[in-house]
*Asks:* 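Quick one: structure below, then a few questions.
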Protein chains: 2
Amino acid sequence: MTETARRDPEAVSKFVEGFAAQLVEAGMQRMPARVFAALLSSDSGSLTSAELGDLLQVSPAAVSGAVRYLAQQHMVAREREPGSRRERYRVHSNQWYEALTSREAVIKRWEHALREGVDSLGEATPAGRRLAETLAFFEFLDGEIAMMMDRWRAHRDRVFGGGVES
Amino acid sequence: MTETARRDPEAVSKFVEGFAAQLVEAGMQRMPARVFAALLSSDSGSLTSAELGDLLQVSPAAVSGAVRYLAQQHMVAREREPGSRRERYRVHSNQWYEALTSREAVIKRWEHALREGVDSLGEATPAGRRLAETLAFFEFLDGEIAMMMDRWRAHRDRVFGGGVES
DNA sequence: CCTTAACTTCACAAATTTCTGAAATTAGCG
DNA sequence: CGCTAATTTCAGAAATTTGTGAAGTTAAGG
């Protein structure tokens, strides 16, 4: 074939907005969600600030804020294009859902709050026991998630072949 | 001892607000988070609308909205107090984190959105492959979570003894 | 060094969300 | 059946969040 099917900008946009909407529903802020969806649906897996602004019809300021948030969450990486002051933002498709599932920081903070609750309400009280059980659940989760991700990587390599990049 | 340590309302409130804040940070709306934390920290595991309003210093309307949301998410159950038109809202400590982890509806919608993306961008494109991999990850998650929760229940029965209620 | 492209920060306007008071609805109980 | 306690719904006020334009900062390239 002389030409692979050209990307239909409208189809892409439809996916971007649809997927972003689901992320928003799950608690993510709108702009980070849109930026993230845009990156996910790009062929190279990375876009510049200008491209994002253009694609999503938003100001550079909005892109900047969204990217800062996503980078903090380890959902995108920033990389400097050598020989230019342009920056690219990239989803490492492996990495992002690892960030999503581990959420270490979140779980740790929950555990901390629960531990304080157990202490201040007393281990012997019904409420204290309930909190302790909840805490035990998150501690259990912590360990399980790590093992699960190991299994996922194995499964992934089997299905997608070890070699896929980005 | 003639008297178990009396609940210190201030300590309780401190836990409620602290834990609620963490839930908010993770994407939950403020009022449902506060109501939920209050229920978690109650000895009986259940409170009436009036008790909640009093405890959290909010209007009945606010309680009503929060409870509706929590019930939809299967994080609390409503139960009618027999012989009264008063309603109690309860956390089944087992059930709530099961609701939290399964999030079936959420995952299903993500999967749906991703499937559409794969279709419209094309399986053969780099972006399509990335979405397909992400989709595969969620499908994998689905199955893993069920098994993990089985292991949790076993672990829980071992540690907390099978008998704890509510 | 100076110029200038690229990104970030900041103050503010706009949009959205959240909570309230009040009216409407529901369902026990006499 | 009406009376009334309990909850829900709804319109709107208040607070918060979000995105913009413009000024500020950084660093590549001459």
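Throughout, a chain's letter reflects where its sequence line sits, starting with A, and its residues are numbered from 1. Please read these numbers as outputs of a predicted model, since none were measured by experiment.
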*Asks:* Mind calculating the distance between CG (Leu52(B)) and C1' (dC19(C)) to the nearest angstrom?
*Replies:* 16 Å
*Asks:* Calculate the interatomic distance between Arg86(B) atom CZ and dT4(D) atom P; express it in whole Å.
*Replies:* 18 Å
*Asks:* Would you call Lys108(A)-Asp142(A) a salt bridge at under 4.0 Å N-O?
*Replies:* yes
*Asks:* Between protein and nucleic acid, restricted to nucleotides 23-30 of chain C and to nitrogen or oxygen atoms under 3.5 Å apart, what atom pairs and distances do you find?
*Replies:*
residue	atom	partner	partner atom	Å
dC29(C)	OP1	Gly83(B)	O	2.5

*Asks:* To the nearest 0.5 Å, what is the distance between OG (Ser41(B)) and CZ (Arg7(B))?
*Replies:* 6.0 Å
*Asks:* For Glu87(A) and dT25(D), what is the distance between atoms CD and C1' respectively, to the nearest whole Å?
*Replies:* 14 Å
*Asks:* For residues Thr48(B) and Arg88(B), is any side-chain donor paired with an opposing acceptor at under 3.5 Å?
*Replies:* no
*Asks:* Can Glu51(B) and Tyr89(B) be counted as having a side-chain donor-acceptor contact under 3.5 angstrom?
*Replies:* no
*Asks:* Using a heavy-atom distance cut-off of less than 4.0 Å, which residues of residues 21-35 of chain A contact DNA chain C?
*Replies:* none
*Asks:* Would you call Met75(A) and Val91(A) a side-chain contact if the rule is heavy atoms closer than 4.5 Å?
*Replies:* no
*Asks:* Hey, are the side chains of Leu56(B) and Val63(B) touching, using non-hydrogen atoms and a 4.5 Å cut-off?
*Replies:* no
*Asks:* Can you tell me how the ring of Trp110(B) sits relative to the ring of Phe19(A), calling it parallel under 30°, perpendicular over 60° and tilted otherwise?
*Replies:* perpendicular
*Asks:* Under a 4.0 Å heavy-atom cut-off, which of residues 54-62 of chain B touch DNA chain D?
*Replies:* Pro60(B), Ala61(B)
*Asks:* Mind checking whether Leu52(B) and Val58(B) have side chains closer than 4.5 Å, heavy atoms only?
*Replies:* no
*Asks:* For dT9(D), take OP1 and OP2 only and decide whether either is under 4.0 Å from a side-chain N or O of Arg68(B).
*Replies:* yes
*Asks:* Quick one: are Leu114(A) and Phe138(A) in side-chain contact, heavy atoms under 4.5 Å?
*Replies:* yes
*Asks:* Answer yes or no: does a side-chain N or O of Ser49(B) lie under 4.0 Å from OP1 or OP2 of dT7(D)?
*Replies:* yes
*Asks:* Counting just side-chain N and O atoms, does Arg88(A) come under 4.0 Å of either OP1 or OP2 of dC7(C)?
*Replies:* no
*Asks:* Taking NE2 in His112(A) as the centre, count heavy atoms belonging to other residues, nucleotides or ligands within less than 6.0 Å. Is the count above 12?
*Replies:* no
*Asks:* Less than 4.0 Å between a side-chain N and a carboxylate O, is that true for Arg129(B) and Glu123(B)?
*Replies:* no
